[in-house]
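Worksheet for the structure shown next.
Residue numbers start from 1 in every chain, and the chains themselves are labelled A, B, ... in the order their sequence lines are given, proteins ahead of strands. Predicted model only: the values in this text are computed from it and were never measured.
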Protein chains: 2
Amino acid sequence: MTLPSVAIQVNPSIYLKDPQSSDLGLKIIKGGIDLMETIGFEAFTFKKLGQEIVSTEASIYRYFESKHKLLLYLSSWYWAWMEYRLMFALANVDCAQERLKRSIRLISQEVKEDGNFQHVNEVNLHKVVVSESSKAYYNKEVDEDNEAGLYGAYKQLVSCVSDIILEIDPNYKYPHMLVSTVIEGAHNQKYFSEHLPRLTDILEGEDAITEFYLSMVLKALDLKE
Amino acid sequence: MTLPSVAIQVNPSIYLKDPQSSDLGLKIIKGGIDLMETIGFEAFTFKKLGQEIVSTEASIYRYFESKHKLLLYLSSWYWAWMEYRLMFALANVDCAQERLKRSIRLISQEVKEDGNFQHVNEVNLHKVVVSESSKAYYNKEVDEDNEAGLYGAYKQLVSCVSDIILEIDPNYKYPHMLVSTVIEGAHNQKYFSEHLPRLTDILEGEDAITEFYLSMVLKALDLKE
DNA sequence: GCATATATGATAGTAATACTATTATATTTG
DNA sequence: CAAATATAATAGTATTACTATCATATATGC
């Protein structure tokens, strides 16, 4: 069993047993991402995942009490990973406007493999987050899960970027709204570009989504360039 | 049986039998909206709906082949209804910028009852659309449904507002992205304000969501006011 | 090296879901 | 009044989303 050199921390209330603490746990994460990416959240079951990773339904249920909790885990891991990458992207960058631009780029751009975490295919995880993560909060358990702090990683990322906005303009009234609009919007536009292109405008050879949201944010804050 | 004086047209491929053509059909729509609003899409079943409207599971299946199609129907009805209201809001308004502002207000504001459709509680339908409608396209049937034209009403609304943007600035590169960002964003922010307030900024006594998106759009297009 | 604890596997069982099918009965229409 | 149609009533099926039990393999502490 190989533990990664850096470990992304996920709120322990999400799982019954830490999947980053065992071989089977790591296989559940890796296999869970790949299977969910392939067949989608609705068709995904622990029984199928058991077959995929050569284990059993019952064993997986010892790590997560439901597939909903597994989705929450994957989303949470993703947001914590994004924040970790954000810290790197902002390290030693002093200019607030430059910090903001780097943040918007990070949250709106395509994702690349990160060699630090062998048990996670980040490209597939990004696809899962784009296609499925809204189901982690668009359900009737949202208030209960929120009280248990299960959306903490997402809120923290939004808070980080909002703070940069407030550093630039302490009187701006809607920093969180602006940031969550960009994060959710970037996911939607990515999905639309692949499945409902009439709802977006994707131009060849350009990173249209990033360009759009970067410009939108700067203009919303009356900044140039 | 009372038919409404104006009928919202929904793509017939969504249903097996037109629910606007019979008493039971109207009860399915009305009861479906209210039950889905109460228990959420995941817990919603045709069996429970049958009990609610004093009919049976089997009878409801003669109108819709799945609850997914019923959700598509409700979403589609909602978008067609929004376009119908948009036509009224823009009637006899010539100034393109004023047309755009009215459009953004309409798609981002709270919804009120519309007396023209007795079989639909528009306030509840709006809640269903906010909480559940993204599940109508975030699933593995999306490409099939899209090819069958089942998202036509949504696309058409986006197209209408995009056309106003292009009238104001024919060179603007991202009209559809901007409009779908506002529509989806307004839904998200409404939901966040009720369940995940740290992801938004709601201020008392103001229509913060509309103010935010109106300002965002005008600035994105370099317009004043 | 052995007892013990722990992790996993194998198997079974349950209520509910998402349907399909059949038959009966009521209502409308020609 | 007969025939067509709509709805109700009932039953049945494979799958889902779990829970429970027991066996076995592996790791750990002494």
To the nearest angstrom, how far is [X] atom [atom1] from [N] atom [atom2]?
X	N	atom1	atom2	answer
A:F46	D:dT15	CZ	C1'	16 Å
B:F44	C:dA18	CZ	P	10 Å
B:L24	C:dT28	CG	C1'	16 Å
A:L49	D:dT16	CG	C1'	15 Å
A:E42	C:dA18	CD	P	11 Å
B:I39	C:dA16	CD1	C1'	13 Å
A:Q51	D:dA17	CD	P	14 Å
A:K47	C:dG13	NZ	C1'	12 Å

So do the side chains of B:Y154 and B:S75 get within less than 4.5 Å of each other, counting heavy atoms only?
->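 No, side chains not in contact.
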Pairs under 3.5 angstrom only: tabulate donor-acceptor contacts from the side chains of residues 51-58 of chain A to other protein residues two or more places apart or in another chain.
{"residue": "A:T56", "atom": "OG1", "partner": "A:S59", "partner atom": "N", "Å": "3.3"}
{"residue": "A:T56", "atom": "OG1", "partner": "A:S59", "partner atom": "OG", "Å": "3.0"}

What residues, two or more places apart in sequence or in another chain, satisfy ring-ring contact (aromatic ring centres under 6.0 Å, His included) together with [X]?
X	result
A:Y63	none
B:H195	B:Y191
B:Y213	none
B:Y151	none

Pick base, sugar-phosphate or nothing for A:K17, based on heavy-atom distances below 4.0 Å to the nucleic acid.
->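 Counting heavy atoms under 4.0 Å across all strands, the contact made by A:K17 is with sugar-phosphate only.
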Sugar-phosphate, base or nothing in reach of B:K27, heavy atoms under 4.0 Å | nothing
Please list, chain by chain and in numerical order, all residues satisfying salt bridge (Lys or Arg N to Asp or Glu O under 4.0 Å) with B:E132, sequence neighbours excluded.
->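 B:E132 satisfies salt bridge (Lys or Arg N to Asp or Glu O under 4.0 Å) with B:K135 once adjacent residues are dropped.
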Between side-chain atoms of residues 157-164 of chain A and protein atoms elsewhere (two or more places apart, or another chain), which donor-acceptor pairs fall under 3.5 Å?
{"residue": "A:S162", "atom": "OG", "partner": "A:V158", "partner atom": "O", "Å": "2.8"}

Give me the ring orientation class for B:Y78 and B:W81: parallel if the planes are under 30° apart, tilted from 30 to 60°, perpendicular past 60°.
-> tilted
Please tabulate, one pair per line, each protein N/O and nucleotide N/O from nucleotides 26-28 of chain D that are separated by under 3.5 Å, including the distance.
none

Is the phosphate of D:dT16, meaning OP1 or OP2, less than 4.0 Å from a side-chain N or O of A:K48?
->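 So the side-chain polar atoms of A:K48 do come within 4.0 Å of the phosphate oxygens OP1 or OP2 of D:dT16, strictly under.
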Contacting residues from residues 53-70 of chain A, given that a heavy atom lies under 4.0 angstrom of DNA chain C =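 Those residues are A:V54, A:S55, A:T56, A:A58, A:S59, A:R62, A:Y63.
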